[in-house]
Amino acid sequence: MKLFGGSKPDHPLANPKEAKRVLDALPDSDAVKALDEVMHWVESVAAAEGFKPEARIQLLFTLDDAAQPRVRKLAKDYFATGRPSRFQENRLWTALHGYWKQAGYAYARSVDQFVQNAKGVDAAKAMLPLLLVRTLRSFAQQIKWMHMRYGPIDLGSWGVFNSVYAFSEARKLAQSKVTVYTGAAGESTPQLEFLKGAMFSASAPTACCLWRLTWPNA
């Protein structure tokens, strides 16, 4: 069940000091710009050759952790009582949908290394439950934001979403509980994240419901 068609990594964030410098330099005053920068690094880390699976996954977790305060702020702005201007609404939507899509595919590439039993994945085995939950949440959020625009669901993304969940079932990890983000309340499982995405898609919310609907870590 393959999801995607692998010396020391030649990547700036492979150096912990440089990774810290990059994250510390993210702008505090412009959450859209900061999220765009994180998205760039997520894409770069996912595609770079030479990372051991454990190191790549941990770096993706670190980047995602840095993104979450910006994601929450932008989602709060999007759902604010005073509806944003058309321009601002589009800017917020593009940033949020784009981030979740990029994060989902980056995480799914790491899941695929487990699917293929790639060299080094055994060392990252303890990270797999959290990796699965974050992968599924990212795709579920992408589906949610597509519905916000009444847009057609990306069938490729939907296929990966289903394949990742099927893999969690095959590895008997679908009900493994993890804390998704440090400091955020509640635990989750791959099964719960999959059901959220599937139920949201099946419910086909009306415009009224869309505007009122909020999810944790939106």
Side-chain angles (χ1 to χ4, degrees), residues 3 13 16 19-20 22-24 26 28 31 34-35 38-39 41-42 45-46 51-76 79 95-97 99-115 120-145 157 160-200 213-218:
L3 306 182
L13 299 194
K20 184 178 185 305
V22 166
L23 294 178
D24 287 346
L26 290 172
D28 291 326
L35 197 58
V38 175
M39 188 164 55
W41 287 116
V42 166
V45 168
F51 277 108
K52 293 180 179 178
E54 185 177 14
R56 191 192 308 274
I57 294 167
Q58 185 56 61
L59 190 47
L60 289 174
F61 285 166
T62 299
L63 289 167
D64 191 18
D65 289 342
Q68 289 310 303
R70 281 87 182 183
V71 167
R72 288 192 293 270
K73 181 185 184 307
L74 295 181
K76 183 179 179 181
F79 291 109
L96 288 161
H97 173 263
Y99 175 73
W100 286 118
K101 183 173 183 178
Q102 194 67 253
Y105 276 101
Y107 279 141
R109 286 181 179 275
S110 286
V111 174
D112 194 49
Q113 291 197 299
F114 285 94
V115 173
V121 294
D122 283 347
K125 189 164 54 177
M127 306 168 85
L128 184 55
L130 178 57
L131 175 63
L132 290 166
V133 166
R134 288 205 186 185
T135 305
L136 291 165
R137 176 166 295 191
S138 296
F139 278 100
Q141 288 290 326
Q142 181 191 340
I143 290 167
K144 166 192 166 178
W145 286 101
S157 294
V160 176
F161 181 59
N162 280 276
S163 293
V164 170
Y165 180 66
F167 177 67
S168 77
E169 288 276 13
R171 291 291 290 261
K172 302 187 185 306
L173 294 172
Q175 298 186 46
S176 298
K177 288 185 178 181
V178 295
T179 299
V180 189
Y181 294 105
T182 303
E187 296 179 318
S188 191
T189 67
Q191 184 179 73
L192 182 57
E193 296 301 322
F194 178 76
L195 289 174
K196 283 181 182 179
M199 290 174 66
F200 189 94
L213 183 62
T214 57
W215 274 6
N217 297 297

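In plain terms, the two heavy atoms of Ala140 and Phe161 that are nearest each other are N-CE1, 4.1 Å. When all heavy atoms of Leu60 and Ser110 are compared, the pair lying nearest together is CD1-OG, 3.8 Å. A pairwise comparison of heavy atoms in Ala46 and Arg56 identifies O-NH1, 3.4 Å as the closest pair. Contact detail for Ala95 and Leu35: the closest heavy-atom pair is O-CD2, 3.6 Å. Annotation for Ala106 and Val42: closest pair CB-CG1, 3.4 Å, computed over non-hydrogen atoms. What you find for Thr135 and Leu131 is that their closest heavy atoms are OG1-O, 2.6 Å.
For Leu192, the side chain to side chain contact (heavy atoms under 4.5 Å, CB included) partners two or more places apart in sequence, or in a different chain, are Ser188, Thr189, Lys196. Legend: residues meeting ring-ring contact (aromatic ring centres under 6.0 Å, His included) with Phe114, ordered by chain and number and at least two apart, are absent. Take Lys73 and apply the side chain to side chain contact (heavy atoms under 4.5 Å, CB included) test, not counting sequence neighbours, and it matches Ala31, Asp77. Scored by the side chain to side chain contact (heavy atoms under 4.5 Å, CB included) test, Ser138 finds Trp100, Ala103, Tyr107 as partners (sequence neighbours excluded).
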Checking Met127 against Phe61 for the side-chain contact (heavy atoms from CB on, under 4.5 Å) test, could you report, in this order, the C-alpha distance in whole Å, the side-chain angles of both residues, the deciding distance, and whether it holds? CA-CA 10 Å; Met127 306 168 85; Phe61 285 166; 4.0 Å; yes
Using the rule given for side-chain contact (heavy atoms from CB on, under 4.5 Å), can you reason through Tyr105 versus Ser157, listing the C-alpha separation, both sets of side-chain angles and the distance that settles it, and then say yes or no? CA-CA 8 Å; Tyr105 276 101; Ser157 294; 3.0 Å; yes
Using the rule given for side-chain contact (heavy atoms from CB on, under 4.5 Å), can you reason through Leu23 versus Leu26, listing the C-alpha separation, both sets of side-chain angles and the distance that settles it, and then say yes or no? CA-CA 5 Å; Leu23 294 178; Leu26 290 172; 4.0 Å; yes
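Leu63 CG to Gln102 CD: the interatomic distance, rounded to the nearest 0.5 Å, is 11.0 Å. Rounded to the nearest 0.5 angstrom, Phe79 CZ and Lys76 NZ are separated by 13.5 Å. Atoms OH and CE, on Tyr99 and Met39 in that order, are 9.5 Å from each other to the nearest 0.5 Å. Of the inter-residue distances, the one linking Leu13 atom CG with Phe51 atom CZ reads 6.5 Å to the nearest 0.5 angstrom. A distance of 8.5 Å separates CD of Glu193 from CD of Gln141, quoted to the nearest 0.5 Å.
Here the side chains of Leu128 and Phe167 are in contact, with some heavy-atom distance below 4.5 Å. Inter-residue side-chain proximity for Tyr165 and Gln191 is flagged as met; some heavy-atom pair is nearer than 4.5 Å. Here the side chains of Leu59 and Trp41 are not in contact, with every heavy-atom distance at 4.5 Å or above.
Ring to ring, Phe139 and Trp145 are not that close: their centroids are 6.0 angstrom or more apart.
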Donor-acceptor pairs under 3.5 angstrom involving side-chain atoms of residues 172-179: please list them, not counting sequence neighbours.
unit_1: Ser176; atom_1: OG; unit_2: Leu173; atom_2: O; d: 3.2

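Contacts classified as salt bridge (charged side-chain N to carboxylate O under 4.0 Å, His left out) and involving residues 124-136 (residues at least two apart or in different chains) are given here: Asp64-Arg134, Asp65-Arg134.
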